[in-house]
Amino acid sequence: RETTCYCCCWSSCGGVRREDGAKAVRRVWLFFGSVRFGSVLRVRRGVMPTVSQNALFGMGNPLLDISAVVDKDFLDKYGLKPNDQILAEEKHKALFEEIVKKSKVEYHAGGSTQNSVKIAQWMIQEPHKVATFFGCIGKDHFGEILKQKAAEAHVDAHYYEQTEEPTGTCAACITGDNRSLIANLAAANCYKKEKHLDLDRNWTLVEKARVYYIAGFFLTVSPDSILKVAKHACEHNKIFGLNLSAPFISQFFKEPLMKVMPYVDILFGNETEAAMFAKEQGFETDDIEEIARKVQLLPKVNKNRKRIIVFTQGKEDTVATVGDKVTRFPVIDIDQNDIVDTNGAGDAFVGGFLSELVQEKSLEQCIRAGHYAANIIIQRSGCTFPEKPDFN
């Protein structure tokens, strides 16, 4: 039957604009199938068209997560505390090879942005390769493992491979209930815009996406790459998301952060990161709702999209701007005894959020999915998940 199309994005919905300026009409066949032919859209009865491959784009610092159970002697040898998160120094370089040789290890594709797009893909399940990821690795054994693990997660990873630095790694040294994390960024710091992002075959993948997400950590590596992607999203009225990632980003990388901010459609962060951002911007408030309002009102290039702010607060309510209002969304209750590891909670929340966003779901539904993903991840060691989600 013929129905009036009120969609705001004519090119993607299949509606046809008439030359006389009358309302567009699309023909909708109600049968089981979902195939587009030119200006005709066939829609499944009661089922939204499926999300397409490469619809979600992420770029960041890829790390190979290496988890192993170790003893106290191993921690003492490298001067590690049982529960800690540090960047590797020269004295830690041998740790990564030793832990592989002497322990039974588990490998996972890691790094903040890669974690988030990996979880988004897990939440979506099919089709595979909805999520695309760019980052830099080394041409080495760990790099090959990382490519394998990204493929197993069904993420369409296209790494810039170089020989100057080894693949970035993060060792999780487990003793009882404690995890000592040591990250060696190495190759992750070596991403080159002109040698990877600017190449036609890679930029084509950027153009295919309609939702973009980059963690603030990447501002320390290639702010020009972030700006190029952000401007593309803005010019084509697509969605660009950024994460504050850590307090030091707002403190020491304020200039590149604020160059990107006018293009940010969705800003993520936690309460600590939000407080530091407010301090550095001179907001003169520590009220998280007021901070969200002030961030929303910062200059923005694309006036067609009102900036959305999403601040998580651990077990406390998530705060988000909904239109002109700030709303609180309760997290899922959990017995504290069921919590195994909270390190991946923020990445997981964003991943869940993105999985619904790329399917054009409501903000409320995106936040529900974020809470669900975070709830699953904190009950497991590392940023890992079961075979399939159980999210409705």
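Here, residue 1 is the first one in the sequence, and each next residue gets the next number.
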With a 4.5 Å cut-off on side-chain heavy-atom distances among I, L, V, M, F, W and Y, is there a chain of contacts connecting [X] to [Y]?
X: L64; Y: L181; value: no
X: I309; Y: Y212; value: yes
X: I239; Y: L354; value: yes
X: V264; Y: F218; value: yes
X: L227; Y: V206; value: yes

Do the side chains of [Y] and [X] get nearer than 4.5 Å, heavy atoms only?
X: L75; Y: T175; value: yes
X: F133; Y: Q121; value: no
X: H92; Y: L80; value: yes

I'd like to know if [X] and [Y] make a salt bridge, using a cut-off of under 4.0 Å between side-chain N and carboxylate O.
X: E161; Y: K147; value: yes
X: E152; Y: K149; value: yes
X: K259; Y: E255; value: yes
X: K72; Y: D76; value: yes
X: K193; Y: D198; value: yes
X: R368; Y: E364; value: no
X: R328; Y: E289; value: yes

**Report entry** Step-by-step side-chain hydrogen bond (donor to acceptor under 3.5 Å, both in side chains) determination, T167 to D140
**Finding:** CA-CA 7 Å; T167 297; D140 51 30; 2.7 Å; yes
Answer with yes or no whether the side chains of [Y] and [X] bring together a donor and an acceptor at under 3.5 Å.
X: K118; Y: H154; result: no
X: Y78; Y: E98; result: yes
X: N302; Y: D265; result: no
X: N375; Y: Q379; result: yes
X: N243; Y: Y213; result: yes
X: S180; Y: D84; result: no
X: H108; Y: S67; result: no
X: T132; Y: D156; result: no

On a heavy-atom basis, which atom in [X] and which in [Y] lie closest, and how many Å separate them?
X: F349; Y: I367; answer: CE1-O, 3.9 Å
X: A215; Y: S112; answer: CB-OG, 3.8 Å
X: Y263; Y: C234; answer: CD2-CB, 3.8 Å
X: Y159; Y: L146; answer: OH-CG, 3.7 Å
X: P262; Y: R307; answer: CA-NH2, 3.9 Å
X: I119; Y: C383; answer: CD1-SG, 3.4 Å

Query raised in the report: Is the centre of the F57 ring less than 6.0 Å from the centre of the F134 ring?
Result: yes
Report task. May I ask you to check whether F311 and F268 place their ring centers less than 6.0 Å from one another? Result -> no
**Report entry** side-chain hydrogen bond (donor to acceptor under 3.5 Å, both in side chains) between Y372 and D390, intermediate numbers included
**Finding:** CA-CA 9 Å; Y372 168 82; D390 183 25; 5.6 Å; no
Say whether, by atom type as modelled, one donor and one acceptor occur between the side chain of [X] and the main chain of [Y] under 3.5 angstrom.
X: K238; Y: E207; answer: yes
X: R305; Y: N237; answer: yes
X: R293; Y: V326; answer: no

Report task. Apply the test side-chain contact (heavy atoms from CB on, under 4.5 Å) to residues F277 and I249: give CA-CA distance (whole Å), side-chain angles for both, the deciding distance (0.1 Å), then the verdict. Result -> CA-CA 9 Å; F277 182 84; I249 298 295; over 6 Å; no
Requested in this report: Any chance you could measure L257, atom CG, to Q251, atom CD, to the nearest 0.5 Å?
Outcome: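 Answer rounded to 0.5 Å: 12.0 Å.
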Query raised in the report: Going from CD1 on I291 to CD on Q281, what distance comes out if it is rounded to the nearest 0.5 angstrom?
Result: 11.0 Å
Report task. For a ring pair (Phe, Tyr, Trp, His ring centres under 6.0 Å) with W203, tell me which candidate from H158, H196, H232 qualifies. Result ->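 When ring pair (Phe, Tyr, Trp, His ring centres under 6.0 Å) is applied between W203 and each of H158, H196, H232, only H232 qualifies.
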